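Note that the coordinates shown come from a computational prediction; the quantities given were computed from them, not determined experimentally. Here, residue 1 is the first one in the sequence, and each next residue gets the next number. The figures here come from the full heavy-atom set of this structure, side chains too, leaving out hydrogens, waters and symmetry mates.
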Amino acid sequence: QVQLVESGGGLAQAGGSLRLSCAASGDTICISAMGWYRRAPGKERELVAAITKSGTYYVDSVKGRFTISRDNAKNTAYLQMNNLKPKDTALYYCNADCLREATTYYYWGQGTQVNVSS
């Protein structure tokens, strides 16, 4: 089992910054990738950014503004969000992919709310 706890959400003004953190605990050695998803009101959940041993991925709408990183020693992933826009308002979820014996298990945090005012 892997437990994920997000923090760092809150209210920001357009153009401002926030940094989200996702602390993993439990069977963290199995984690092959971590990512951040978000669900905005009335919209489907979307993958915002992900990080693996091979590299990173960003959805087009956040490229150049958001940066995902991971501190393996602390078992923590981060999402640095700069130049925030009102359209970034959403509930942000941390995700971890855990590979055990050729099967991938998916774990989720409880979510942290980000509100961006214009």
Side-chain angles (χ1 to χ4, degrees):
Q1 291 287 328
V2 174
Q3 294 79 42
L4 303 172
V5 178
E6 301 105 332
S7 61
L11 177 64
Q13 290 188 332
S17 299
L18 287 173
R19 189 176 81 153
L20 306 183
S21 298
C22 174
S25 61
D27 187 19
T28 59
I29 196 169
C30 73
I31 296 176
S32 58
M34 296 187 75
W36 289 94
Y37 287 73
R38 66 185 179 188
R39 186 190 297 275
K43 295 187 177 181
E44 295 186 355
R45 185 177 63 192
E46 69 170 345
L47 175 60
V48 176
I51 185 167
T52 70
K53 293 180 180 179
S54 301
T56 57
Y57 161 85
Y58 298 94
V59 69
D60 285 346
S61 60
V62 307
K63 286 181 179 177
R65 300 189 298 120
F66 290 11
T67 302
I68 189 171
S69 61
R70 181 178 173 186
D71 185 333
N72 291 324
K74 296 182 178 180
N75 290 317
T76 300
Y78 304 94
L79 186 67
Q80 178 66 43
M81 305 186 294
N82 298 329
N83 190 20
L84 283 162
K85 304 178 185 298
K87 66 179 180 179
D88 295 319
T89 294
L91 185 62
Y92 284 72
Y93 297 88
C94 178
N95 157 264
D97 294 353
C98 176
L99 182 61
R100 295 193 200 97
E101 299 178 354
T103 299
T104 300
Y105 298 86
Y106 303 95
Y107 296 95
W108 299 89
Q110 80 286 355
T112 185
Q113 182 67 38
V114 171
N115 292 312
V116 183
S117 62
S118 57

Between [X] and [Y], which heavy-atom pair has the shortest distance, and what is it?
| X | Y | answer |
| --- | --- | --- |
| Val48 | Val62 | O-CG2, 3.8 Å |
| Pro86 | Ser118 | CG-CB, 3.9 Å |
| Ile31 | Ala24 | CD1-CB, 4.0 Å |

Could you go through Asn82 and Ser17, starting from their C-alpha distance and side-chain angles, then the distance that decides it, and tell me whether this counts as side chain to side chain donor-acceptor pair (under 3.5 Å)? CA-CA 4 Å; Asn82 298 329; Ser17 299; 2.9 Å; yes

Out of curiosity, [X] [atom1] to [Y] [atom2], how far, rounded to the nearest 0.5 Å?
| X | Y | atom1 | atom2 | answer |
| --- | --- | --- | --- | --- |
| Asn115 | Leu91 | CG | CG | 9.5 Å |
| Lys87 | Arg38 | NZ | CZ | 8.0 Å |
| Asp97 | Tyr107 | CG | OH | 10.5 Å |
| Leu79 | Met34 | CG | CE | 11.5 Å |
| Gln80 | Leu20 | CD | CG | 9.0 Å |

According to the ring-ring contact (aromatic ring centres under 6.0 Å, His included) rule, which pairs have a member within residues 45-103, sequence neighbours left out? none

Output every pair passing ring-ring contact (aromatic ring centres under 6.0 Å, His included) with a member in residues 17-56, not counting sequence neighbours, ordered by first then second residue. Tyr37-Trp108

Inter- and intrachain pairs under disulfide (SG to SG under 2.5 Å), touching residues 24-68, at least two apart: Cys30-Cys98

Determine whether Leu18 and Asp88 make a side-chain contact, defined as any pair of heavy atoms from C-beta on separated by less than 4.5 Å. no

With the side chain counted from C-beta on, respond yes when Met81 and Arg65 share a heavy-atom pair under 4.5 Å apart, and no when they do not. no

Indicate yes or no for a side-chain donor-acceptor contact from Thr56 to the backbone of Ile51 under 3.5 Å, with no hydrogens or angles considered. no

Common cluster, Leu47/Tyr106, ILVMFWY with side-chain heavy-atom separation under 4.5 Å: yes

Thr67: which residues meet the side chain to side chain donor-acceptor pair (under 3.5 Å) condition with it, sequence neighbours left out? none

Just jot down the salt bridge (charged side-chain N to carboxylate O under 4.0 Å, His left out) partners of Arg100, sequence neighbours excluded, or say none. Asp27

Could you go through residues 2-11 and list every donor-acceptor pair under 3.5 Å that involves a side-chain atom there, pairing it with any protein atom two or more places apart or in another chain?
unit_1	atom_1	unit_2	atom_2	d
Gln3	OE1	Ser25	OG	3.4
Glu6	OE1	Gln110	N	2.9
Glu6	OE1	Gln110	NE2	3.4
Glu6	OE1	Gly111	N	2.9
Glu6	OE2	Cys94	N	2.7
Glu6	OE2	Gly111	N	3.2

